Engineer: 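Please find one structure pasted underneath; my questions will follow.
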There are 2 protein chains.
Amino acid sequence: MIQTGGTGRIGETAGFALAKACKAHRGSVGAALAEVGLHAGQEMVLRELWEEDGLKGGELAARLAVEPPTVSRMLGRLEACGLLERRRDPEDARSFRVCLTAKGRDLRRPVEDLWQRVEERAFEGMSEEEKHGLKGLLVRVRENLSAG
Amino acid sequence: MIQTGGTGRIGETAGFALAKACKAHRGSVGAALAEVGLHAGQEMVLRELWEEDGLKGGELAARLAVEPPTVSRMLGRLEACGLLERRRDPEDARSFRVCLTAKGRDLRRPVEDLWQRVEERAFEGMSEEEKHGLKGLLVRVRENLSAG
DNA sequence: TACAATTAGTTAGCTGGCTAAATAAATACG
DNA sequence: CGTATTTATTTAGCCAGCTAACTAATTGTA
């Protein structure tokens, strides 16, 4: 049994449960990612590029809902790892296109697989209905908060 | 409308929805916390102490499910802010007790209030049943993952 | 055309999180 | 009793995230 947070107001909120569940999830994903040489969060950058290669830095930041400086340094590290490269945009000299290398593309399967393994463990014992309902509610939370 | 992540496998998982919802939630809480001079995560330390003052550093790390070095530096900063103090444990010279100052205790209300405001916005439009069900599922996710 | 305003990225510096390694005290044990 | 082991905390250094401030290129406009 896990304590849900005592008697205080914060510990009783759904937001608290959300934060703790997410922390555990990120921890599990992070541990698995370490086995392929990645840090938690970096797989999100790769995921966007697997979906659409050649994004501009700013587009990447917007899709990740992260600030430009964050993306800037992450790209530097991923580039140093040989997973992607920045190519100057011929149409705009202050932009660049982020392009996956073969090495970066090859990580797709292993990363999707490990994410899937965590998924199975995280939601073990839940029906498809429960899981689907949970997902829907989480999307609503995100919508509610990203407004303002 | 918010994109849920395209066609890739990761974007379709409940874990992905969890991560994105949590990111939005942490962002909202963090913005509100900034108004009382705190950073996201620090309120969790205070919360534990509001529940039980005088915890040892290691106990705090365990309850937060965080590593000792993380707690060590956070305590240093919170102490520098005058929110708490470390008192050496007379029964064990290598331990200490973390004790709130009046300033630290006074933050309870404002922090609980702002957390509550985010709670209302985050789960706006959800019935109590949905919210309660969501909370229960999130606790189960946490239990599933904190096992191994 | 020349200059102002906007836009794209980067750098610096802060925070929460982590691991590995060092310090120091308590405990176990021969 | 003295040494070895375990335990509590800190330090160093890495990464993701942030804001503020800077650079450089594009665009708007007088």
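If you're wondering where the values come from, they're calculated on a predicted model, not measured in any experiment. Each chain gets a letter, A, B and so on, in the order its sequence line appears, and its residues count up from 1.
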Engineer: Check whether more than 12 heavy atoms from other residues, nucleotides or ligands sit under 6.0 Å from atom CZ of B:Arg88, and answer yes or no.
Structural biologist: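 Yes, the 6.0 Å shell around CZ holds more than 12 heavy atoms from other groups.
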Engineer: Rounded to whole Å, please give me the gap between CD in A:Glu79 and C1' in C:dT10.
Structural biologist: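 One finds 13 Å between C1' of C:dT10 and CD of A:Glu79, rounded.
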Engineer: What one-letter contact string describes nucleotides 17-29 of chain C from 5' to 3', where B marks a base within less than 4.0 Å of any protein heavy atom, S marks contact via sugar-phosphate atoms alone, and - marks no contact?
Structural biologist: BBBB----BS---
Engineer: Write down the distance between CG (B:Leu60) and P (D:dT9), rounded to a whole number of angstrom.
Structural biologist: 10 Å
Engineer: Any salt bridge linking B:Arg87 with B:Glu85? Criterion: basic side-chain nitrogen under 4.0 Å from a carboxylate oxygen.
Structural biologist: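 So B:Arg87 pairs with B:Glu85 through a salt bridge.
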Engineer: Rounded to the nearest angstrom, tell me the gap between atom NE2 in A:His39 and atom C1' in D:dG17.
Structural biologist: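 Rounding to the nearest Å, NE2 of A:His39 and C1' of D:dG17 are 14 Å apart.
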Engineer: Atom CG of B:Leu75 to atom P of C:dG16: distance rounded to whole Å?
Structural biologist: 10 Å
Engineer: Look at the side-chain N and O atoms of A:Ser95 and state whether any lies under 4.0 Å from the OP1 or OP2 oxygen of D:dA25.
Structural biologist: no
Engineer: Mark yes or no: A:Arg86 above the aromatic ring of A:Phe96, with NZ or CZ under 6.0 Å from the six-membered ring centre and no more than 45 degrees from the axis.
Structural biologist: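 Yes, a cation-pi geometry holds between A:Arg86 and A:Phe96.
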Engineer: Nearest to the side chain of A:Phe96 - C:dT15, D:dT10, C:dT10?
Structural biologist: C:dT10
Engineer: So does B:Glu52 pair up with B:Arg63, basic N to acidic O under 4.0 Å?
Structural biologist: yes
Engineer: Check this for me, if you would: do B:Glu119 and B:Lys131 make a salt bridge, where the nitrogen-to-carboxylate-oxygen distance has to be below 4.0 angstrom?
Structural biologist: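 Salt bridge present between B:Glu119 and B:Lys131.
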Engineer: Is it true that B:Glu112 and B:Arg108 have a side-chain N and a carboxylate O under 4.0 angstrom from each other?
Structural biologist: yes
Engineer: Write down the distance between NZ (A:Lys56) and C1' (C:dT10), rounded to a whole number of angstrom.
Structural biologist: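 For the pair A:Lys56 NZ and C:dT10 C1', the rounded distance is 17 Å.
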Engineer: Please determine if B:Glu124 and A:Arg140 form a salt bridge, counting it only when a charged side-chain N lies under 4.0 Å from a carboxylate O.
Structural biologist: no
Engineer: Over all strands shown, is B:Arg86 touching base, sugar-phosphate only, or nothing at heavy-atom distances under 4.0 angstrom?
Structural biologist: sugar-phosphate
Engineer: Rounding to an integer number of Å, can you tell me how far B:Arg77 CZ sits from D:dC18 C1'?
Structural biologist: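 That distance rounds to 13 Å.
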Engineer: Rounded to the Å, how far apart are B:Met44 CE and C:dG16 C1'?
Structural biologist: 12 Å
Engineer: To the nearest angstrom, how far is B:Arg97 atom CZ from D:dA8 atom C1'?
Structural biologist: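 From B:Arg97 CZ to D:dA8 C1': 12 Å.
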